[in-house]
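Keep in mind the model is a prediction, meaning the values are calculated, not measured. Chain letters run A, B, ... following the sequence lines, proteins first and then strands; every chain starts at 1.
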Amino acid sequence: CCCGRELFSWRLHSDIISTVEFNYSGDLLATGDKGGRVVIFQREQENKSRPHSRGEYNVYSTFQSHEPEFDYLKSLEIEEKINKIRWLPQQNAAHFLLSTNDKTIKLWKISERDKRAEGYNLKDEDGRLRDPFRITALRVPILKPMDLMVEASPRRIFANAHTYHINSISVNSDHETYLSADDLRINLWHLEITDRSFNIVDIKPANMEELTEVITAAEFHPHQCNVFVYSSSKGTIRLCDMRSSALCDRHSKFFEEPEDPSSRSFFSEIISSISDVKFSHSGRYMMTRDYLSVKVWDLNMESRPVETHQVHEYLRSKLCSLYENDCIFDKFECCWNGSDSAIMTGSYNNFFRMFDRDTRRDVTLEASRESSKPRASLKPRKVCTGGKRKKDEISVDSLDFNKKILHTAWHPADNVIAVAATNNLYIFQDKIN
Amino acid sequence: MSQKQEEENPAEETGEEKQDTQEKEGLLPERAEEAKLKAKYPSLGQKPGGSDFLMKRLQKGVWGIVSYPLSLEPKGVLGMKSVEQKYFDSGDYNMAKAKMKNKQLPSAGPDKNLVTGDHIPTPQDLPQRKSSLVTSKLAG
């Protein structure tokens, strides 16, 4: 699954892409950007007359999800940047997704219209009202096919429930509720009810001077609707069970890898901060991403992860400059493939890493137009850490830290991946032999 | 793998102890980086995860722009630092937004530069709200 990747397509967005998410079937791919826009791509169906277009993702719908707002109390701007998009499972012909910025979550309905009624009685074809005295006969309007139009409309707006900045949303497996998490609190919403939500986690201390950690990500379990996890800036994960109490401040499970006290440094806590947490599709495992590694945890074992994969260990000797240019605070995401046999996460220099859990092989690939030609296999990349740099290797010092791949997504069933590199969206897929 | 060097004589001279810690730092890249940082910014505090640090992060909201105060000098070019700009009130905010729009659209009309309070606005004067980009599959 790691080999034979080829570039399928890339698209230039007008703004920096801030989130990427496939829907449950993988036929739709949603991206959100810094300008508050959402672009949805749809996979083309198999077409025998054009075999090469199989599986191409083309623009399906574009809409402005969030606008910049002004917080009157704090005299600050509320950014329109889309932090997260999460799809709802499809229940009818329309598609629904949740998109959120720092403060407001919106439920969007995306529906198709391919028919138009013609032959109205009270108005003519341009829409002008007909003079009622001129109407001498009644006719039944006929539905005629029209060119497909995709419309997006906001169905619910969930606002004013977060004092701090929303970092995660997660749809529950009950398909009725979802959670939203900010730095200190997690709220539970019902998809139908916008004027109230339940607070289920509150880690704000009575005295803010005692604040030691913040919530960095949260997700519902894929099958157990009463279970969710949240990660912290101190590298810990708490699993909570909503059956135990209404307020889940006391966790059911606490996952933390013991740290060697002799290796502690100024950077230890910062690089242990978890930037993303994702359950496996099976629900048996969860994966966390910290600054330098990806860890797989067995939910049955809290003492330490079962797997640790180094993403870019060579950065450990660059932590000083990464702190100075703020890159040490970059929040990378991670994702599973459909069968949970592989995981993927991004790095710098437009590199992204894939780890095969079964074969224990990993590969570094690059998402850039210079290095990818359509239908040509991606060449694995290597970063040279030592003195002697081999041909085709890149030295750590020539990595471009402005080219960061923070957001990646994997198709729920096929070997198709979407990689966001600043304002470019790349879609890669396994070579068809 | 770091080797823990046992200090054989706890009453040893500080000079030799210093050499000891320097050797330890050399073995751990993280510690070497920490030493580098502290050499550049001697006033740096010990714990980066303190409540001051986190509280600033909560206010600014973006993890990337909150770093432990290094110096009074502005950040380097590579930093993703976004300037958190406070506005006096909503009028100040709208003026700043209008100025930004002015810079992006040099052909904008003259009424965009009106000072608030000079005249009573009419619907035609108000800046247009960005319309939703609902496009049909045929567009573009």
Side-chain angles (χ1 to χ4, degrees), chain A residues 37 58-64 67-68 70 72 74-77 79 102 147-153 164-165 183-184 205 208-214 216 233-234 260 262-263 265-271 273 275 316-331 401-402, chain B residues 2 4 24 28-38 40-41 44 46-52 54-55 57-68 70 75-82 84-90 92-94 96-97 129-138 140:
Chain A
R37 269 173 305 273
N58 296 314
V59 178
Y60 179 65
S61 173
T62 305
F63 56 93
Q64 187 76 32
E67 297 272 6
F70 187 67
Y72 294 90
K74 294 183 190 165
S75 288
L76 289 174
E77 181 174 27
E79 271 187 35
D102 284 338
D147 295 318
L148 182 67
M149 199 162 80
V150 183
E151 302 169 317
S153 58
Y164 304 100
H165 291 63
D183 291 320
L184 296 180
M208 282 297 268
E209 302 282 316
E210 291 161 28
L211 182 67
T212 54
E213 64 184 325
V214 295
T216 52
S233 52
K234 277 180 134 177
D260 178 10
S262 67
S263 65
S265 77
F266 175 83
F267 305 109
S268 299
E269 192 172 303
I270 303 174
I271 62 173
S273 175
S275 50
R316 204 179 283 271
S317 53
K318 300 281 164 200
L319 290 176
C320 179
S321 35
L322 291 169
Y323 182 88
E324 288 179 287
N325 62 20
D326 283 340
C327 283
I328 204 174
F329 301 104
D330 284 334
K331 295 201 279 195
F401 290 98
N402 282 327
Chain B
S2 66
K4 258 207 176 301
K24 274 188 208 157
L28 283 169
E30 234 176 274
R31 285 275 177 79
E33 291 295 299
E34 181 179 18
K36 232 191 267 181
L37 192 69
K38 293 231 166 106
K40 274 191 183 180
Y41 310 98
L44 200 60
Q46 194 48 44
K47 261 182 60 107
S51 63
D52 297 334
L54 286 172
M55 274 196 284
R57 177 239 153 108
L58 293 178
Q59 281 162 26
K60 296 197 176 186
V62 178
W63 187 241
I65 63 168
V66 180
S67 41
Y68 214 67
L70 292 179
K75 280 300 185 83
V77 182
L78 279 182
M80 289 278 279
K81 190 177 172 94
S82 57
E84 182 211 59
Q85 185 173 358
K86 278 224 174 194
Y87 300 94
F88 181 68
D89 61 13
S90 60
D92 182 24
Y93 169 73
N94 287 323
K97 284 278 135 180
R129 187 196 167 277
K130 254 195 280 189
S131 58
S132 306
L133 298 171
V134 178
T135 57
S136 81
K137 271 204 135 178
L138 289 189

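Under a 4.0 Å N-O distance rule, the pair Arg316(A)/Glu33(B) does not qualify as a salt bridge.
Of the inter-residue distances, the one linking Asn94(B) atom CG with Phe70(A) atom CZ reads 8.0 Å to the nearest 0.5 angstrom. The line from SG of Cys320(A) to CD of Glu34(B) is 10.0 Å long, rounded to the nearest 0.5 Å. Interatomic distance, NZ of Lys36(B) versus CG of Leu319(A), reported as 9.5 Å (0.5 Å rounding).
Annotation: side chain of Ser263(A) is not in contact with side chain of Glu30(B) (no heavy-atom distance under 4.5 Å).
Checked by atom type, the side-chain pair Glu324(A)/Tyr41(B) shows a donor-acceptor distance below 3.5 Å.
Residue Ser275(A): no heavy atom, backbone or side chain, is found under 4.5 Å from chain B. Leu322(A) does not touch chain B: none of its heavy atoms, backbone or side chain, sits under 4.5 Å away.
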